[in-house]
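Working notes, beginning with the structure itself.
Source: prediction; values computed, not measured. In what follows, every heavy atom counts, from backbone to side chain, and hydrogens, waters and symmetry copies are set aside. Start at 1 and go down the list; that is how both ligands and their atoms are numbered.
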Amino acid sequence: MTASELRGFAEGRVLIFEGAFGTMLQAAVPGDIPPELMTLEHPDQITAVHKAYTELSDVICTNTFGANDIKLDAIGMPGRARELNERAASLARDAASPGTLVAGDVGPTGRMVEPLGELPFEDAYDAYREQAEALAEGGVDFMLIETMSDLREAKAALLAARDATGLPVMITMTFGEDFVTPTGTDPATAANVLASMGAFAVGANCSTGPSRMVEVIGRMAQTVSVPILAQPNAGIPELVDGRTVFKVGPDEFAAGLRKLVTAGATMVGGCCGTTPEHMLAVRRALEGVRPVSRDVPGALRLSSRTRTVAIGSGFPFAVVGERINPTNREALTNEILDGRTEIVLRDARAQEEAGAAVLDVNVGVPGADERSAMRRAARALENAVDAPLSLDSMNAEAFEATVCELAGKPLLNSVTAHPDRLDAVLPVAARWGAGVVCLALDEGGIRATAGERVEILRRIVAAAESHGVPREHLIADCLTLAVSAEQERVPETLRAVELVRSELGIPTILGVSNVSHGLPDRSVLNASFLAMAMERGLDAAIMNPLDETMMATARASSVLTLRDRGSAEFIREHAKRRKKKGKGPEVPPSDESIESRIRQCVLDGNVEGVSFLIDEALSRGREPKPLNDDVLVPALEEVGLRFERGECFLPQMMLAAETVERAFGILKPYFPRDEGRTDKGTVVLATVEGDVHDIGKNIVASVLENNGYRVVDLGKNVPTAVIVQTARDESADVVGLSALMTTTVVRIPEVMQALKEAGLDCKVVVGGAVVTERFVASIGADGYAKDAAAAVPMLRELLE
Ligand code: B12
């Protein structure tokens, strides 16, 4: 089915998708058979579920949610994706009543894609591609990618489905109570990034029931104009008498979906806990209901993983911070040549703090590989700051190497009307859904008049559209010329800003600082030019957000050009500045201690950067132990607190953890050793089952090894039986258990009991953030240490 056929099918009505599939199957086939395998072993049951839903829905889905090779591999069924998907697609196809569409269902791989996890993007892409090909082969009408929690994995699935099938692709993500995905992405950002990459429809599924999904769908509906799909579960499941129960019944569910349609959903269905009864109630409740009409204001919307910024008339003026640029900055130039990102991140934070909405990233330095420099900087920035990025380069390969690494939707700065440049940049923008700065420049150079420049831009817009880059992804730069050299051309630039707006209908951006080149008092000239350009309708400027005159001018002009309605932002900023007692934005101190730089590096999750800093600290004579105990561990604890307060999300916590692990790996060999001794006793160490926190346990392991103990480290998430077996095989003197969560600390008494039952009389010592002396006393463990250093005397005493 083509996109336009599907659009025709959906026109003017609310499409109803099926309810939960897995819930029905579990009820039909007792036992623990993976749902995907049922396609082969119980095809009749699959057909029965399809039949139950096909009567009630406009769309039924194939039984292939977990049928990608990565997931299948994890459940011991590698290499069977093709067969399972083809078969499942044809079962659904055969069961569908005439007029019911079949969606090829695709779910997550169950593993985290880099940089949050270890699964390479390409591997996720390959697995999804294989699945999509087989589903298309089996005859599905379109692809439905569901329950994604990480934008990069969602991108891999979307691209693979697009590349492999050419069918329309719908894609939904799952959102928590706080209206963000588990990796910190808000609904507007998810919708913007995925719709920009060509999703036919975007939406939300599963999550926390229909009523809380209203907010999610509403925010998506205000951001994108593609159809919106809402498939909530029947509330958060609760455990009642050992059974999972979903509390939202059919009528309440149907009323909830009605509200979702009012919020902007054009397609609805049910996820976990919903049944044909739920869908029957939905069918009745939506009889004759038409989708609400949406009027999404046109703008260029850029995204990071966590934020979306709209640029265009009617939206706040966007300051694009220009400081990440090595021109005339020796320290930054050296940093880029060394492969570091510390100054880049510091500049980014300072600019964001000062009010930059987007950060321009220019890392072109002669002698450095710009592709890897750009990729490194952009990756570090996306993890550490919220602002979307503008990748600034003359090298299209640097765009290509970087854009595939990002979760968000960056701006590619820039393309000219030069045919080679158009052919190099536009396909990258089209494939990855990126925004593009269009420079009013061609082989003939910069034109004198506004009209000529707009003509060049018109050609770029046409080329972009023919490459599949829509107008809403473009922003025009009419070129700022130095008033010292070409005074009469400056007013032409202002005229061009006005013309682009009225003739091309795309937003405009200018690198304003160029205007004052070669003159004194540059800030005043820049600010005056900015105010004049804003009056002509300029939507964004590449400028220095640390220049207070410029920022004050941008804020004042926003009020005077009606962008800042009710002067709200102006007043807010005034109050903020009064609080700071008139101080301007902080310029990053250059004499920061190495300790606070390392701390910042952990907070930024700057895995690559930390090695340099640890080496620097060691070479300056810092001791490894205080670096670990007083800098790395407290920084990680700070990340934990921010996570608890909802100020950062799982990706940041994961990257901070990886940063500390990397740092500890460098420090480890320097820890004091009790050379040559491994005879103080054998300690079997493990983080208990269900718990993946192992940084603390790893520190304990190396400190004990260095102090003459033989350590058998079983790693994390270790089942009780494995701990007991190893304790026996290794004749352990001590079993050391680590637990960091209130939910897993209960495993400790379980392991103690199992050791006792196995007749092993080894001592049990425990530790981990949630373990307290009181708890230890209550379970009767032999020892507790609050940290690795305290573990050494504790063990000595215990074993003597
Ligand atoms: C890093 C981290 C992660 C990393 C772990 C990476 C890794 N490889 O370890 C990642 C990102 C993967 C993670 C995931 C999650 N995390 Co976490 N995480 C943390 C964080 C920020 C730091 C933990 C840490 O490494 N501290 C530094 C080390 C050095 O300290 P430590 O572990 O306490 O170890 C020292 C001592 O305790 C002692 N010790 C430790 N073990 C042992 C053992 C023995 C025998 C002895 C003697 C001593 C000893 O010595 C160690 C060295 O000095 C904490 C916050 C915190 N303040 O603890 C949250 C925290 C533990 N995580 C939390 C949560 C909720 C989660 C998730 C559920 C989040 C989610 N929504 O998915 C998942 C859980 C996944 C799972 N099933 O386990 C909560 C737990 C809340 C609770 N009370 O139950 C915390 C407290 C954050 C919070 N404030 O909300 N997390």
Can you confirm whether [X] sits close enough to [Y] that some side-chain heavy atom of one is under 4.5 Å from a side-chain heavy atom of the other?
X	Y	answer
Arg219	Phe179	yes
Ser702	Phe671	no
Val361	Thr402	no
Val180	Thr189	no
Gln231	Leu144	yes

State whether [X] and [Y] are salt-bridged, where the test is any N-O pair (Lys NZ or Arg NE/NH1/NH2 against Asp/Glu carboxylate O) under 4.0 Å.
X	Y	value
Arg642	Glu638	yes
Arg340	Glu616	yes
Arg111	Glu118	no
Arg305	Asp150	yes
Glu608	Arg379	no
Glu750	Arg747	yes

- Query: Would you say atom 79 (C) of ligand 1 touches the protein, meaning some protein heavy atom is under 4.0 Å from it?
  - Reply: no

- How about atom 86 (C) of ligand 1: does it have a protein heavy atom within less than 4.0 Å? no

Please answer whether the main-chain N or O of [Y] pairs with a side-chain N or O of [X] as donor and acceptor at a distance below 3.5 Å.
X	Y	result
Glu36	Gly66	yes
Thr181	Thr185	yes
Asp691	Leu740	yes
Asn717	Gly690	yes

Could you see which bit of [X] sits under 4.0 Å from ligand 1, with heavy atoms only: side chain, backbone, both or neither?
X	value
Val700	side chain
Tyr784	neither
Leu737	backbone
Lys786	backbone

- Task: State which residue, out of Thr147, Asn233, Thr174, fulfils the side-chain hydrogen bond (donor to acceptor under 3.5 Å, both in side chains) condition with Asn205.
- Result: Thr147

Can you check which of [options] brings a heavy atom nearest to [atom]?
atom	options	answer
atom 20 (C) of ligand 1	Glu658, Glu638, Glu637, Met653	Met653
atom 34 (O) of ligand 1	Ala791, Gly696, Ala739, Gly176	Gly696
atom 89 (N) of ligand 1	Arg642, Arg645, Glu644	Glu644
atom 39 (N) of ligand 1	Ala635, Ala790, Gly768	Gly768
atom 75 (C) of ligand 1	Ile699, Val692, Thr744	Val692
atom 23 (C) of ligand 1	Val766, Val792, Ile695, Leu740	Leu740

With atoms numbered from 1 as shown, which atoms in ligand 1 lie under 4.0 angstrom from a non-hydrogen atom of [X]?
X	result
Ala769	33 (O), 37 (O), 58 (O)
Ala785	47 (C), 48 (C)
Glu661	8 (N)
Gly736	45 (C)
Val633	29 (C)
Asp787	38 (C), 50 (O), 53 (O)
Asp691	78 (O)

Examine [X] against ligand 1 and note whether any of their N/O atoms are separated by less than 3.5 Å.
X	result
His693	yes
Val765	no
Thr742	yes

- Task: Starting at CD1 of Ile598, measure out to CD1 of Ile614 and round the result to the nearest 0.5 Å.
- Result: 4.0 Å

For [atom], find the nearest protein heavy atom and state the residue, atom name and distance (0.1 Å precision).
atom	value
atom 26 (N) of ligand 1	Leu636 CD2, 3.8 Å
atom 11 (C) of ligand 1	Met654 CG, 3.2 Å
atom 53 (O) of ligand 1	Ala788 N, 3.1 Å
atom 54 (C) of ligand 1	Gly640 CA, 4.5 Å
atom 1 (C) of ligand 1	Ala657 CB, 3.6 Å
atom 68 (C) of ligand 1	Met741 SD, 3.9 Å
atom 70 (C) of ligand 1	Leu650 CD1, 3.9 Å
atom 8 (N) of ligand 1	Asp694 OD1, 2.7 Å

